[in-house]
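A quick write-up on the structure given underneath.
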Amino acid sequence: MAAAVTMARAGLSVQVHEAQSTIGGGARTLDLGLAPGITHDICSAVHPLAISSPFFVDFDLRARGLEFTTPEVSYAQPLDDQPTALAFHDLDATVDRLGAAGPEWRRFFAPLLDRVDDAIWLSLGDKRSVPETLRDVPGIANVMKFGLRLLSQASPAWNIPLSHESTQSLFTGVAAHAIGGLPGMGTAATATMLSTVAHAGGWPSPVGGSQAIIDAMVTDLEAHGGSVTTNARIDHVSDMPAARAYLLDASALNAAQIFSGLLPVNVDKSLRRFKQGNAAAKVDFVLNSPVPWTDPETARAGTIHVGGTRQQMAAAEADVIAGRMPAHPVSLVSDPTVFDPSREVNGLRPLWTYCHVPFDCPIDPAEYIIKQIERFAPGFRDTIVSYNSIPASEMAAHNQNYIGGDIATGLVSFYRMMARPRMSWDNYSLGVPGAYLCSAATPPAPGVHGMNGWFAAQRALKTRFGIAEAPSLAP
């Protein structure tokens with residue numbers, strides 16, 4: 001959608017073809033039929049970058065009427081037999097809550113908060129150009145600060161700067177979002193950036209659900225002459241009308257299939273070789289009351305990372321990488337009704353969860369997630385009215401990009417952040433004039449931030465239409 005909006009605002013005729021009956025991909029809110037009036041976010045629910053990524057800063061969802069709820073506590077990490085570790089919107093509050101561990105958390109993040117945009121641009125850039133914000137002396141200094149912290153958490157010495165169990169687990173819970181090896185460059189980069197954003201502006205969620213973001217983008221697209229056709233799966237480029245540019249929000253494999261027979265041989269091979277990442281399995285619950293966390297403070301967080309200690313999460317992720325189902329998988333939980341009362345209907349409320357599993361795993365994740373939550377919230381099982389469970393092997397049924405449950409649309413590693421989906425100076429070009437990839441299989445990597453599409457569209461505008469300056473996205 002970011003690519004479509006950008007192209008339409010440049011004055012071009014834009015048609016969007018969506019395979020599903022509803023548009024939005026990983027940012028949809030649907031009635032799953034579990035309880036009257038209850039809707040669920042079927043992939044993403046909390047959006048740290050929906051107001052802070054460069055694309056969305058320009059697009060400005062709030063100015064378009066979207067309401068966001070930003071919890072005072074961005075994320076939480078429940079721990080056995082001790083208080084939950086909490087990352088507040090405010091760094092000082094986080095340090096106070098962490099007690100003796102607080103000073104090391106401050107030393108790690110306070111320097112990055114001086115110029116938060118530098119950390120965001122460093123993480124969300126196209127990995128080929130240097131943004132203006134990073135070209136001055138303070139910007140270079142911030143790159144070094146960010147890099148040193150990233151390296152510390154990507155090495156076996158990761159326990160030196162964060163030496164307490166509370167700070168270790170708090171950071172690692174965010175790192176696990178990348179579903180990769182712990183410690184590792186990809187996971188460390190994810191945690192460093194997202195944790196910095198958590199203390200700078202918080203992790204907001206749109207009131208009513210993730211679909212509100214997509215609806216705002218569709219409204220803007222249509223206002224600039226674009227159109228959307230749903231139930232329009234594309235298997236080959238011949239399924240689409242003739243056009244001067246094609247921008248695919250597809251996996252690398254699907255892109256190769258859509259342009260089968262037309263791609264340069266080396267490009268085709270590279271796309272088909274792009275390794276899938278590890279997987280997620282989803283369970284959407286309907287509850288008749290809030291989750292009964294042992295530490296009630298846990299409920300103050302918009303996102304709750306359920307995995308225990310750093311060592312326990314690292315072991316679980318190692319199992320995933322090795323193709324084994326962890327006995328205690330890393331799980332993510334969000335209870336939107338705590339911050340958005342409109343999500344509760346007739347005393348019932350949705351609960352959003354997923355857990356990390358091996359690629360293409362066919363195992364039903366429900367009991368695993370229930371047990372993990374019960375570990376920190378005894379009695380949770382008694383609050384469940386109904387649920388919908390989707391194994392990793394079935395995730396692609398509602399989003400073609402999620403092959404085998406790989407919600408990142410390709411492995412997230414340091415190398416694969418740079419060579420995504422292949423090693424090329426232009427990661428968005430498919431090697432055919434007018435053909436571009438704009439999905440999470442391109443830099444900067446996954447997330448609801450719009451940057452993949454924005455970068456791809458700018459290249460298409462310049463090379464195919466001679467438009468060197470990207471159009472304004474302002475409302």
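Quick caveat: nothing in here was measured; it's all calculated off a predicted structure.
Closest approach of Val46 and Gly302 over heavy atoms only: CG2-O, 3.8 Å. Contact detail for Met417 and Ala189: the closest heavy-atom pair is CE-CB, 4.3 Å. When all heavy atoms of Ala279 and Pro358 are compared, the pair lying nearest together is CB-O, 3.5 Å. Residues Pro292 and Thr383 share a closest heavy-atom pair of CD-CG2, 4.2 Å. Pro54 approaches Ile120 most closely through the heavy-atom pair CD-CG2, 3.9 Å. Contact detail for Ala27 and Ser44: the closest heavy-atom pair is CA-OG, 3.6 Å.
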Start with the C-alpha distance between Leu30 and Thr22, add both sets of side-chain angles, then the distance that settles side chain to side chain contact (heavy atoms under 4.5 Å, CB included), and finish with yes or no. CA-CA 9 Å; Leu30 299 177; Thr22 56; 3.7 Å; yes

If you apply the rule side chain to side chain contact (heavy atoms under 4.5 Å, CB included), what do you find for Phe380 with Ile370, and how did you get there?
CA-CA 8 Å; Phe380 168 67; Ile370 291 170; 4.1 Å; yes

Please assess Ile51 against Val57 for the test side chain to side chain contact (heavy atoms under 4.5 Å, CB included), listing each intermediate value before the final yes or no. CA-CA 6 Å; Ile51 59 174; Val57 167; over 6 Å; no

Next item on the list: Go through the steps to decide whether Arg459 and Asp426 satisfy the test salt bridge (charged side-chain N to carboxylate O under 4.0 Å, His left out), and finish with yes or no.
Entry: CA-CA 9 Å; Arg459 283 159 174 75; Asp426 186 352; 3.5 Å; yes

Exercise for review: Please step through side chain to side chain contact (heavy atoms under 4.5 Å, CB included) for the pair Glu104 and Ser163, ending with a clear verdict.
Suggested key: CA-CA 8 Å; Glu104 65 183 21; Ser163 62; 2.8 Å; yes

Test log, rule salt bridge (charged side-chain N to carboxylate O under 4.0 Å, His left out), inputs Glu18 and Arg28:
CA-CA 13 Å; Glu18 166 60 52; Arg28 283 180 290 165; 5.5 Å; no

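Remark: the backbone N or O of Gly308 is paired with a side-chain donor or acceptor of Gln77 at under 3.5 angstrom. Remark: the backbone N or O of Pro329 is paired with a side-chain donor or acceptor of Ser331 at under 3.5 angstrom. Gln312 contributes a side-chain N or O that, together with a main-chain N or O of Thr309, makes up a donor-acceptor pair within less than 3.5 Å. Judged by distance alone, the side chain of Asn452 and the main-chain N or O of Cys438 form no donor-acceptor pair under 3.5 Å. A donor-acceptor pair under 3.5 Å links the side-chain atoms of Thr29 to the main chain of Gln211, judged by distance alone. A donor-acceptor pair under 3.5 Å is absent between the side-chain atoms of Thr187 and the main chain of Leu182, judged by distance alone. Side-chain atoms of Thr94 come within 3.5 Å of backbone atoms of Asp90 as a donor-acceptor pair (strictly under, hydrogens ignored). A distance-only check finds no donor-acceptor pair linking the side chain of Arg106 to the backbone of Gly102 [under 3.5 Å]. Remark: side-chain polar atoms of His47 are not paired, donor with acceptor, to backbone N or O of Val448 under 3.5 angstrom. Checking side-chain atoms of Arg149 against main-chain N and O of Phe108 turns up a donor-acceptor pair under 3.5 Å.
Residues meeting the side-chain contact (heavy atoms from CB on, under 4.5 Å) test with Ser342, sequence neighbours left out: Val207, Asp340.
Between Arg422 and Asn427, the side chains place no donor N or O within less than 3.5 Å of an acceptor N or O (distance only, hydrogens not considered). Checked by atom type, the side-chain pair Gln168/Asn159 shows a donor-acceptor distance below 3.5 Å. For the 3.5 Å distance criterion, the side chains of Ser129 and Asp126 qualify, holding a donor opposite an acceptor.
Counting only heavy atoms from C-beta outward, the side chains of Gln400 and Asn254 approach each other to under 4.5 Å. Contact of the Asn278 side chain with the His356 side chain is not registered, since no non-hydrogen atoms from C-beta on lie closer than 4.5 Å. Residues Leu162 and Gln153 are in side-chain contact: their nearest non-hydrogen atoms beyond the backbone lie under 4.5 Å apart. Side-chain contact between Ile214 and Ile23: present, with at least one pair of heavy atoms (C-beta onward) separated by less than 4.5 Å. Taking 4.5 Å as the limit, every side-chain heavy atom of Arg420 sits out of range of all side-chain heavy atoms of Leu411. Here the side chains of Ile363 and Pro391 are not in contact, with every heavy-atom distance at 4.5 Å or above. Phe285 has its side chain within reach of Ile369: a pair of non-hydrogen atoms, C-beta onward, lies under 4.5 Å apart. Within the 4.5 Å cutoff, the side chain of Leu49 has no heavy atoms near those of the Phe56 side chain.
A distance of 8.5 Å separates CG in Asp364 from CD in Glu394, rounded to the nearest 0.5 Å. Atoms CD1 and CG, from Ile38 and Leu287 in turn, are 9.5 Å apart once rounded to the nearest 0.5 Å. Atom CG of Asp80 and atom OG of Ser169 lie 10.5 Å apart (nearest 0.5 Å). Interatomic distance, Tyr402 OH to Cys43 SG, rounded to the nearest 0.5 Å: 3.0 Å. Separating the OG1 atom in Thr167 from the CZ atom in Arg107 is a distance of 10.0 Å, to the nearest 0.5 Å. Separating the OG atom in Ser195 from the CG atom in Leu112 is a distance of 10.0 Å, to the nearest 0.5 Å.
Here the rule is side-chain contact (heavy atoms from CB on, under 4.5 Å) with Leu437, and of Asp249, Leu247, Leu248 only Leu248 fits it.
Ion pairing between Glu367 and Arg381 holds under the 4.0 Å rule for side-chain N and carboxylate O. Salt-bridge formation is not detected for the pair Arg343/Asp335: no Lys NZ or Arg NE/NH1/NH2 atom is positioned less than 4.0 Å from an Asp or Glu carboxylate oxygen. With salt bridges taken as basic N to acidic carboxylate O contacts below 4.0 Å, none links Lys371 and Glu374. Salt bridge Asp117/Arg115: absent, no basic N to carboxylate O contact under 4.0 Å. Ion pair Arg310/Glu165 not flagged as a salt bridge, since none of the NZ, NE, NH1 or NH2 atoms sits closer than 4.0 Å to an Asp/Glu carboxylate oxygen. Remark: Arg97 engages Asp295 in a salt bridge, criterion side-chain N to carboxylate O under 4.0 Å.
In this structure, Tyr428 has its ring center no closer than 6.0 Å to that of Tyr436. Within the 6.0 Å centre-distance limit, the rings of His177 and His305 are counted as a close aromatic pair. Taking the ring centroids of Tyr75 and Trp203, they lie under the 6.0 Å cut-off.
Aromatic ring pairs are classed by plane angle as parallel below 30°, tilted from 30° to 60° and perpendicular above 60°; the pair Trp121 and Phe455 is tilted.
Residue His164 places its NE2 atom among more than 12 non-hydrogen atoms of other residues, nucleotides or ligands, all under 6.0 Å distant.
Applying the side chain to side chain donor-acceptor pair (under 3.5 Å) definition to pairs two or more places apart or across chains, none involves residues 408-418.
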